[in-house]
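In what follows, residues are counted from 1 in the order of the sequence shown. On a predicted model such as this, the values are computed, not experimentally measured, just so you know.
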Amino acid sequence: GIVGGINGAINITGTCSIAGNPDNYSPICGENKVTYFSDCYAGCGLTTGTGDGKEYFNCSCIQGSFVPSGWQGGSAKAGKCSESCNQLPGFLVGLFFAMLFTFLVNVPATQVLLRAAPPEHRSTGMGIQSVLFRCLGAIPGPIIFGDIIDKNCIFQETKCGDQLQSCWEYDNEKLRVDFVLLAILPKLVSIICFFLSWYYFRKVKGSYAPLHDAAQLQESAALPHDES
């Protein structure tokens, strides 16, 4: 069975198992709150019901609270064991603020770029920034996240012996840690870059005109001059 629930290691070669097809993934939830690969790998000898209402009894791999005389184990129900998530409210609050600050920084980031670059290079800087967003974020981002998802698969369907298909079970504990780290590390690099920009630019005084002064200079240059 899938020992320890969804996040645990997989063992389908236990001595209590009944011979079954390893390609026939049909998880069941034992009364010991452990998800098993199928009723065969849980060692179940009796089955009642159909579809999602199936129940399995006399499962030799499951330690039941009450085992009738002559039976070798406890019972199970069709489907994976559910897992309670008591940290969901905190996660949603954190996700809200993460998304808020992600989009809230767009305008200040543009202001930083325009003030840190010389006036004649500001349009070029905006173009380079857009290219870097695509090359370092939009393009490799889905590839990296997809690779992390694939690497956290602990049991994957196979076809014809070696052709990998869809994933049956993921290591949820490791998957969430990898996702959070992948989201936080680029943010830390971004904060460091903004700090360095502020630290070095504040030492340069009078080099570049402020944005409002530059706009005033352009407006005054466009006005007609009285040659008399």
Check your understanding: When rounded to the nearest 0.5 angstrom, what distance separates CG in L113 from CZ in F194?
Key -> 9.0 Å
Exercise for review: Please name the pair of heavy atoms, one in R122 and one in A117, separated by the smallest distance, quoted to 0.1 Å.
Suggested key: NE-O, 3.3 Å
Check your understanding: Among pairs that include at least one residue of residues 117-136, which meet ring-ring contact (aromatic ring centres under 6.0 Å, His included), considering only residues two or more places apart or in two chains?
Key -> none
Point to revise | OG on S26 to NZ on K54, rounded to 0.5 Å | key: 6.5 Å
Review point. If Ile, Leu, Val, Met, Phe, Trp and Tyr residues are connected whenever their side-chain heavy atoms lie under 4.5 Å apart, and connections chain through other members, are F103 and V107 in the same group?
Key: no
**Study point:** Residues in ring-ring contact (aromatic ring centres under 6.0 Å, His included) contact with F101, at least two apart in sequence or another chain
**Key:** none
Point to revise | From CD1 (I191) to SG (C193), nearest 0.5 Å | key: 10.5 Å
Review point. Is Q87 atom CD crowded by more than 12 heavy atoms from other residues, nucleotides or ligands, each under 6.0 Å away?
Key: no
Check your understanding: Taking the side chain as C-beta and beyond, is there a heavy-atom pair between C61 and V34 under 4.5 Å?
Key -> no
Review point. Quick one: do the E55 and T48 side chains pair a donor with an acceptor below 3.5 Å?
Key: no
Review point. So how far is it from M126 CE to T110 OG1, rounded to the nearest 0.5 Å?
Key: 5.0 Å
Study note, to complete from the structure: On a heavy-atom basis, the closest approach of F57 and S75 is CD2-CB, 3.6 Å
Exercise for review: With K174 as reference, evaluate D178, D171, N172 under the side-chain hydrogen bond (donor to acceptor under 3.5 Å, both in side chains) test and give the passing residue.
Suggested key: D178
Review point. Which pairs with one or both residues in residues 92-153 pass disulfide (SG to SG under 2.5 Å), sequence neighbours excluded?
Key: C153-C167
Revision key, fill the gap. All heavy atoms of G137 vs all of P142, minimum pair found to be O-CD, 4.2 Å
**Study point:** Summary of salt bridge (charged side-chain N to carboxylate O under 4.0 Å, His left out) pairs that have at least one residue in residues 125-147, sequence neighbours excluded
**Key:** D147-K151
Review point. Applying salt bridge (charged side-chain N to carboxylate O under 4.0 Å, His left out), which residue pairs with at least one partner in residues 86-113 are found, sequence neighbours left out?
Key: none
Exercise for review: Taking all non-hydrogen atoms of both residues into account, name the closest pair between Y56 and I28 and its distance.
Suggested key: CE1-CG2, 3.4 Å
Review point. What pairs with F179 under ring-ring contact (aromatic ring centres under 6.0 Å, His included), at least two apart in sequence or on another chain?
Key: F145
Check your understanding: M99 and F91: same hydrophobic cluster, using ILVMFWY side-chain contacts below 4.5 Å?
Key -> yes
Exercise for review: Report yes if some heavy atom in the side chain of F195 is under 4.5 Å from a heavy atom in the side chain of I192; otherwise report no.
Suggested key: no
Exercise for review: Treat each ILVMFWY residue as a node, draw an edge where side-chain heavy atoms are under 4.5 Å apart, and state whether L104 and F97 are in one component.
Suggested key: yes
Check your understanding: Would V189 and V180 show up in the same hydrophobic cluster when neighbours are defined by side-chain heavy atoms closer than 4.5 Å?
Key -> no
Exercise for review: Consider only side-chain heavy atoms of I, L, V, M, F, W and Y, link residues closer than 4.5 Å, and tell whether L181 and I184 are in one cluster.
Suggested key: no
Exercise for review: Quick one: closest heavy-atom pair of P186 and L182, and the distance?
Suggested key: CD-O, 2.9 Å
Review point. Between C29 and K80, what is the shortest heavy-atom contact and its length?
Key: CB-C, 4.0 Å
